[in-house]
Amino acid sequence: MSSNPKHLSKGFVSIVGAGPGDPDLITVKGRSRIESCDSLLFDYLVDDRLLTWAKPGCEQICVGKRSGMHSMEQFRINELMVRLANEGKNVVRLKGGDPLVFGRGGEEIVVLREQGIPFEVIPGVTAGIAAAASLEQPLTHRERASTLLFVTGHEDPLKHRPRINWNDVVVTHSTLVIYMGMKHLPDIVRELLQAGKSPETPVAVVEWVSTPRERQHRGILVDLPRDVQRLQLGAPSIVIIGDVLGFDRAQMES
């Protein structure tokens, strides 16, 4: 797809990752698309300061998404993107984090392809990476974490046919990063322990990562549900589970 939508004679959609919250963490390319677009469709968690970069007259529409609430259903967002592009507008679909990591960007890509709408995808810093950076901890390490797994915790692990097999998730030398897992956290922890994960496995929770509201907690797996309840940690939060969190700076540098 073209990387210079401003020179196209017909509409164009840029699916842009806004990053984890801090507006300074958006890419330069992402900012340039916001500054030049005609219509800006943005998610609930996008920082308001990003919206001030839009040019005068830019149409700005909040389309969701918030846990338990949706300003606009996904199929309506898809229809809106297509309609605006067919009107000849340069459209930015601004999504929190990275568009292709638990952001339903894949569904939007399918629709744009089916409708013959030219588009591009501009990646963003996903919340799991930002959370590790905020903790000053790696997610991988040659001795302690040879694999990295991003998992959605939005799915109820106790439902009749869960898509996630937690026995498969418990992999030696892996770091587990759980998105949208606060609602089902006690069940997720129970499943991990039953699958063989050590109760003493180090864990961390980062709430509202990279924003002024950020809070952090470190502990061990078996205590995690109780700690989260005691500290009243909630969404949006990233949960990181793995032995690599037990490494201090001296160990990582040796």
Side-chain angles (χ1 to χ4, degrees), residues 17 19-21 45 65-68 95-106 124-141 144-159 162-211 213-247:
L45 290 177
K65 303 282 189 52
R66 184 178 183 181
S67 178
K95 304 173 75 69
D98 182 275
L100 304 182
V101 180
F102 304 127
R104 304 188 72 171
V125 177
T126 186
I129 301 297
S134 184
L135 291 165
E136 299 181 344
Q137 293 274 191
L139 293 176
T140 63
H141 189 276
R144 290 290 185 94
S146 57
T147 57
L148 172 63
L149 300 175
F150 285 179
V151 179
T152 174
H154 188 64
E155 179 184 65
D156 184 351
L158 300 182
K159 73 181 185 182
R163 296 179 183 177
I164 300 171
N165 186 330
W166 293 98
N167 289 291
D168 292 339
V169 168
V170 179
V171 179
T172 303
H173 303 310
S174 68
T175 303
L176 182 62
V177 180
I178 301 177
Y179 290 65
M180 302 173 288
M182 301 305 280
K183 179 179 179 181
H184 299 300
L185 191 60
D187 295 325
I188 291 171
V189 170
R190 186 182 306 112
E191 291 289 316
L192 288 171
L193 293 172
Q194 290 177 352
K197 201 72 172 174
S198 170
E200 303 296 317
T201 303
V203 299
V205 179
V206 184
E207 180 188 60
W208 287 101
V209 61
S210 81
T211 74
R213 299 169 63 180
E214 179 178 306
R215 290 195 295 163
Q216 300 179 359
H217 167 70
R218 293 173 183 260
I220 59 174
L221 182 61
V222 70
D223 294 336
L224 184 57
R226 182 188 64 191
D227 290 346
V228 164
Q229 184 177 27
R230 173 175 57 84
L231 297 171
Q232 296 186 324
L233 294 166
S237 291
I238 291 291
V239 179
I240 302 176
I241 301 172
D243 291 336
V244 73
L245 292 175
F247 264 13

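What you see is a predicted model; the values in this text were computed from it and never measured. We use all heavy atoms of the structure for the numbers below, so side chains are in, but hydrogens, waters and symmetry mates are not. Along the sequence shown, residues carry numbers from 1.
Remark: side-chain polar atoms of Glu214 are paired, donor with acceptor, to backbone N or O of Ser210 under 3.5 angstrom. Distance alone, capped at 3.5 Å, places no donor-acceptor pair between the Arg215 side chain and the Val209 backbone. The backbone N or O of Gly124 sits less than 3.5 Å from a side-chain atom of Asp98, completing a donor-acceptor pair. The backbone N or O of Gly234 sits less than 3.5 Å from a side-chain atom of Glu207, completing a donor-acceptor pair.
Applying the side chain to side chain contact (heavy atoms under 4.5 Å, CB included) criterion to Ala133, with sequence neighbours excluded, gives no partner residue. Scored by the side chain to side chain contact (heavy atoms under 4.5 Å, CB included) test, Ala132 finds Leu139, Ile240 as partners (sequence neighbours excluded). Looking at residues two or more places apart in sequence or on another chain, you find a side chain to side chain contact (heavy atoms under 4.5 Å, CB included) between Val222 and Leu193, Pro199, Ile220. Gln194 pairs by the side chain to side chain donor-acceptor pair (under 3.5 Å) definition with nothing, not counting sequence neighbours. For Thr201, there are no side chain to side chain donor-acceptor pair (under 3.5 Å) partners, not counting sequence neighbours.
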Chi angles and distances behind the side-chain contact (heavy atoms from CB on, under 4.5 Å) call for Thr140, Val244: CA-CA 7 Å; Thr140 63; Val244 73; over 6 Å; no

Go through Trp208 and Ile238 one step at a time and tell me if the side-chain contact (heavy atoms from CB on, under 4.5 Å) criterion holds. CA-CA 8 Å; Trp208 287 101; Ile238 291 291; over 6 Å; no

Let's go through Leu176 and Val170 carefully: what are the C-alpha distance in whole Å and the side-chain angles of both, what is the deciding distance for side-chain contact (heavy atoms from CB on, under 4.5 Å) to 0.1 Å, and is it a yes or a no? CA-CA 8 Å; Leu176 182 62; Val170 179; over 6 Å; no

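Minimum heavy-atom separation, Phe150 to Ile129: CZ-CD1, 4.1 Å. Heavy-atom minimum distance, Pro225 versus Pro186: CG-CA, 4.0 Å.
Summarising the geometry, atom OG1 belonging to Thr152 is positioned 6.0 Å from atom CD1 belonging to Ile164; distances are rounded to the nearest 0.5 Å. Separation of atoms CD1 (Ile188) and NZ (Lys183) is listed at 11.5 Å; rounding is to 0.5 Å. For the atom pair Gln216 CD and Leu233 CG, the distance stands at 10.5 Å (nearest 0.5 Å). With rounding to the nearest 0.5 Å, the separation of CZ in Arg226 from CG in Leu231 is 10.5 Å. Considering CG of Leu185 and CZ of Arg190, their distance stands at 10.5 Å, rounded to 0.5 Å. Expressed to the nearest 0.5 Å, how far OG of Ser174 lies from CG of Asp243 amounts to 8.5 Å.
Between Leu149 and Val177 the shortest side-chain heavy-atom distance does not fall below 4.5 Å. With a 4.5 Å cut-off on side-chain heavy atoms, Leu135 and Val206 count as touching. In this structure the side chain of Val239 reaches within 4.5 angstrom of the side chain of Met182, judged on heavy atoms. Put simply, the side chain of Asp168 does not reach to within 4.5 Å of the side chain of Trp166, judged on heavy atoms.
Side-chain contact of Arg218 with Gln137: a donor-acceptor pair under 3.5 Å is present, judged by distance alone. Using a 3.5 Å distance cut-off with no hydrogens or angles, the side chains of Tyr179 and Ser237 do not pair a donor with an acceptor.
Among pairs with a residue in residues 195-204, none fulfils salt bridge (charged side-chain N to carboxylate O under 4.0 Å, His left out), at least two apart in sequence or across chains.
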